[in-house]
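This report concerns only the one structure given below.
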There are 2 protein chains.
Amino acid sequence: MSSASASEPKTGEILPDWVRPIVKESLSERAYRELRVALMRGQLRPDTRLRLRPMSARFGISATPMREALLRLVSEKALALDARGSVVVPRLALDQLLEIRAIRTDLEGRAAAAAIASPAAEIDALEAIHAQISQCHASRDFARAVNLNTEFHLSLCRLGGMPILYEIVELLWVRCGPILSHLYDDGVPDWEPHPHRRVIDALRHGDSDAARDAVREDIERGGSGLFAHVRASPAG
Amino acid sequence: MSSASASEPKTGEILPDWVRPIVKESLSERAYRELRVALMRGQLRPDTRLRLRPMSARFGISATPMREALLRLVSEKALALDARGSVVVPRLALDQLLEIRAIRTDLEGRAAAAAIASPAAEIDALEAIHAQISQCHASRDFARAVNLNTEFHLSLCRLGGMPILYEIVELLWVRCGPILSHLYDDGVPDWEPHPHRRVIDALRHGDSDAARDAVREDIERGGSGLFAHVRASPAG
DNA sequence: GTGTGTAATTTGTTATAACAAATATCTGAC
DNA sequence: GTCAGATATTTGTTATAACAAATTACACAC
């Protein structure tokens with residue numbers, strides 16, 4: 001799927017938008033995709049067991065494509081296998097959360113630096129997302145703020161024009177999905193200016209170093225609410 | 001598999017070494033692993049088609065686990081699907097090779113910096129690998145040099161103690177596997193001192209910045225032989 | 001009540017079969 | 001020889017069944 005899939009409309013379409021590439025999606029891919037967005041939206045709680053046959057019944061498909069979808073997410077480590085071989089929603093360990101943050105620092109930082117080449121319209125779109133985030137903060141709609149924050153980071157990452165890097169980062173976000181809903185458990189940070197704003201300004205000024213540093217700071221200082229929902233790392 | 005698998009013996013084992021954790025490996029996992037090492041060793045040429053039933057016959061298993069193994073490698077982008085849905089060994093595009101190199105710069109650099117905490121024995125092991133590489137250069141055994149070079153980088157990466165980062169980097173190496181055998185097509189670089197050596201020295205001195213910079217330089221200056229075997233990047 | 005054994009069910013895994021679409025092979029006309 | 005068309009085979013996909021191992025349910029003793 002991937003590169004030929006619906007992920008990147010990208011090229012300026014002349015055709016009316018009901019003309020879209022025929023994507024013949026297999027049953028396993030559809031199940032995969034649905035489970036993936038459910039994960040990213042925090043709709044699957046850690047330790048939830050996803051048994052094969054009940055799941056395939058819920059999706060109205062047979063065991064074979066269901067298993068393919070589940071195993072694919074396992075291979076991406078968005079899901080995991082317990083001792084029995086059952087698929088479960090994994091619980092992040094502290095080590096893992098810290099490591100993911102460090103990797104995101106590198107990769108999202110690089111993407112942000114590369115994003116200074118973006119057309120102004122794309123930067124405007126980024127700013128629009130952040131404006132919505134600010135609104136959600138004001139109205140204390142944290143559930144939506146979480147999803148918008150994810151969208152901000154992934155959109156920025158996409159602007160970097162590095163598809164391989166983007167997919168890696170996206171996988172890292174999926175892995176954090178099950179605990180992302182607790183992002184604001186510590187309350188709304190009162191940074192002034194908000195790092196997102198600094199990113200946007202840096203992009204507008206073509207300052208790649210500033211863009212990189214701003215994202216890095218956003219990653220490093222944010223997300224404190226997640227740590228409470230993380231498993232103490234195993235002894236080893 | 002991964003975290004519970006055989007990848008990390010790690011903890012100082014007291015038990016005799018014939019006592020090893022019983023790994024009940026499913027048929028699909030075995031096929032997956034074999035294909036993966038074949039890829040990493042460059043034994044599968046780009047554009048090779050891996051048809052489902054012939055492959056399952058070759059492995060002596062049925063189509064179901066064979067398909068699982070193939071689709072898993074597809075999801076890791078170590079393999080790809082052509083228009084027909086057949087699994088093929090992908091041909092890297094120039095953009096992709098450049099992007100992989102950039103990402104490796106970040107991630108292997110971070111791992112190298114983190115590796116300064118490694119015990120001396122591990123650094124010795126790294127040095128031993130590089131010594132073998134030098135021997136291969138002298139005897140012009142490039143096939144082995146390629147594999148040893150991979151081993152050097154992955155071992156260094158493992159020393160960083162960041163398992164998530166390690167797996168990402170390993171996937172990037174697998175993706176380069178099919179063209180890796182051409183690493184020395186441009187001849188043996190006559191860098192003095194070899195960046196590997198600078199890495200080792202930096203680790204011994206606990207100089208994380210130097211370690212990071214040395215790996216980065218190794219990545220950025222090396223691998224020129226690969227570019228001839230890369231597909232011109234698609235227009236978009 | 002608590003425990004213990006057995007039976008029934010459910011689990012993941014693998015093999016096999018059915019299906020449509022695509023590919024390959026063959027046949028025959030010219 | 002070349003080309004057209006029909007047939008046969010092979011392709012990926014999905015469903016179903018068979019299997020062993022694990023889990024659960026349940027009945028019965030104490």
Side-chain angles (χ1 to χ4, degrees), chain A residues 1-6 21-36 39 44-90, chain B residues 1-6 21-36 39 44-90:
Chain A
M1 67 102 206
S2 73
S3 67
S5 81
I22 308 280
V23 289
K24 57 167 181 178
E25 210 177 23
S26 67
L27 298 185
S28 83
E29 270 191 35
R30 192 149 50 209
Y32 161 79
R33 196 184 305 269
E34 286 195 31
L35 275 177
R36 195 186 212 260
L39 273 167
L44 275 70
R45 298 282 137 209
D47 292 333
T48 306
R49 265 181 82 181
L50 305 174
R51 298 190 228 55
L52 180 56
R53 265 164 274 231
M55 285 297 263
S56 63
R58 235 178 64 86
F59 276 90
I61 63 182
S62 84
T64 309
M66 189 72 244
R67 186 170 148 90
E68 269 172 24
L70 290 171
L71 287 183
R72 178 164 172 191
L73 287 161
V74 167
S75 107
E76 296 174 353
K77 305 213 186 315
L79 295 176
L81 295 178
D82 64 9
R84 298 184 278 263
S86 280
V87 175
V88 294
V89 180
Chain B
M1 67 105 202
S2 73
S3 67
S5 80
I22 309 280
V23 288
K24 57 166 181 176
E25 211 178 23
S26 68
L27 298 185
S28 84
E29 269 191 35
R30 192 149 51 210
Y32 162 78
R33 196 184 305 268
E34 286 194 31
L35 275 177
R36 194 185 214 261
L39 273 168
L44 274 69
R45 297 283 137 208
D47 293 331
T48 306
R49 265 182 79 181
L50 277 49
R51 298 191 224 55
L52 181 55
R53 265 164 272 232
M55 285 299 262
S56 63
R58 236 178 64 87
F59 276 91
I61 64 182
S62 83
T64 308
M66 189 71 243
R67 186 169 149 90
E68 268 172 25
L70 290 171
L71 287 183
R72 178 167 172 188
L73 287 162
V74 167
S75 106
E76 295 175 353
K77 306 214 187 314
L79 295 176
L81 295 179
D82 65 9
R84 298 184 279 263
S86 280
V87 175
V88 295
V89 180

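Lettering of chains follows the sequences in order, A, B, ..., and the numbering in each one begins at 1. Because the structure is predicted, anything quoted here is derived from the model rather than measured. Hydrogens, waters and symmetry mates are skipped; everything else that's a heavy atom, side chains included, is used.
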With sequence neighbours excluded, residues passing side-chain contact (heavy atoms from CB on, under 4.5 Å) with [X]:
X     : result
A:P54 : A:R51
A:A80 : A:V88, A:P90
B:L27 : B:R30, B:I61, B:P65

Just the rounded figure in Å: distance from [atom2] of [N] to [atom1] of [X].
X     : N      : atom1 : atom2 : value
A:E68 : D:dT14 : CD    : P     : 7 Å
B:F59 : C:dA15 : CZ    : C1'   : 18 Å
A:L70 : C:dG12 : CG    : P     : 9 Å
B:M66 : D:dT11 : CE    : P     : 13 Å
B:I61 : C:dT14 : CD1   : C1'   : 9 Å
A:M55 : C:dG12 : CE    : C1'   : 15 Å
A:R30 : D:dT13 : CZ    : C1'   : 13 Å
A:D82 : C:dT11 : CG    : C1'   : 10 Å

Name the closest nucleotide to the [X] side chain, picking from [options].
X     : options                : answer
B:R67 : C:dT14, C:dT11, D:dT14 : D:dT14
A:R84 : C:dA22, D:dA15, D:dA22 : D:dA22
A:S28 : C:dT23, D:dT11, D:dT14 : D:dT14
A:R49 : C:dT11, C:dT13, D:dA15 : C:dT11

Double-helix bend of the helix from C:dG1-D:dC30 to C:dC30-D:dG1, axes at both ends from 5 pairs, round to 10°, gives 10°
Decide yes or no for A:Y32 and A:E25: does some side-chain heavy atom of the first lie under 4.5 Å from some side-chain heavy atom of the second?
no
Residue pairs meeting salt bridge (charged side-chain N to carboxylate O under 4.0 Å, His left out), one or both in residues 61-71 of chain A, sequence neighbours left out, come to A:R67-B:E68, A:E68-B:R67
Going by side chain to side chain donor-acceptor pair (under 3.5 Å), name the pairs with one or both residues in residues 55-65 of chain A, residues two or more places apart or in two chains.
none
side-chain N/O B:S26 vs C:dT13 OP1/OP2, d < 4.0 Å
no
Assign B:L27 to base, sugar-phosphate, or nothing according to its heavy-atom contacts below 4.0 angstrom with the strands shown.
sugar-phosphate
Write out a two-atom table: protein N or O, nucleotide N or O from nucleotides 16-21 of chain C, distance below 3.5 Å.
from   : atom 1 : to    : atom 2 : distance (Å)
C:dT16 : O4     : B:T64 : OG1    : 3.2

Taking only residues two or more places apart in sequence or in another chain, which ones pass salt bridge (charged side-chain N to carboxylate O under 4.0 Å, His left out) with A:R84?
A:D82
Those residues at least two apart in sequence (or on a different chain) that pass side-chain hydrogen bond (donor to acceptor under 3.5 Å, both in side chains) with B:T48 are none
So does A:R72 pair up with A:E29, basic N to acidic O under 4.0 Å?
no
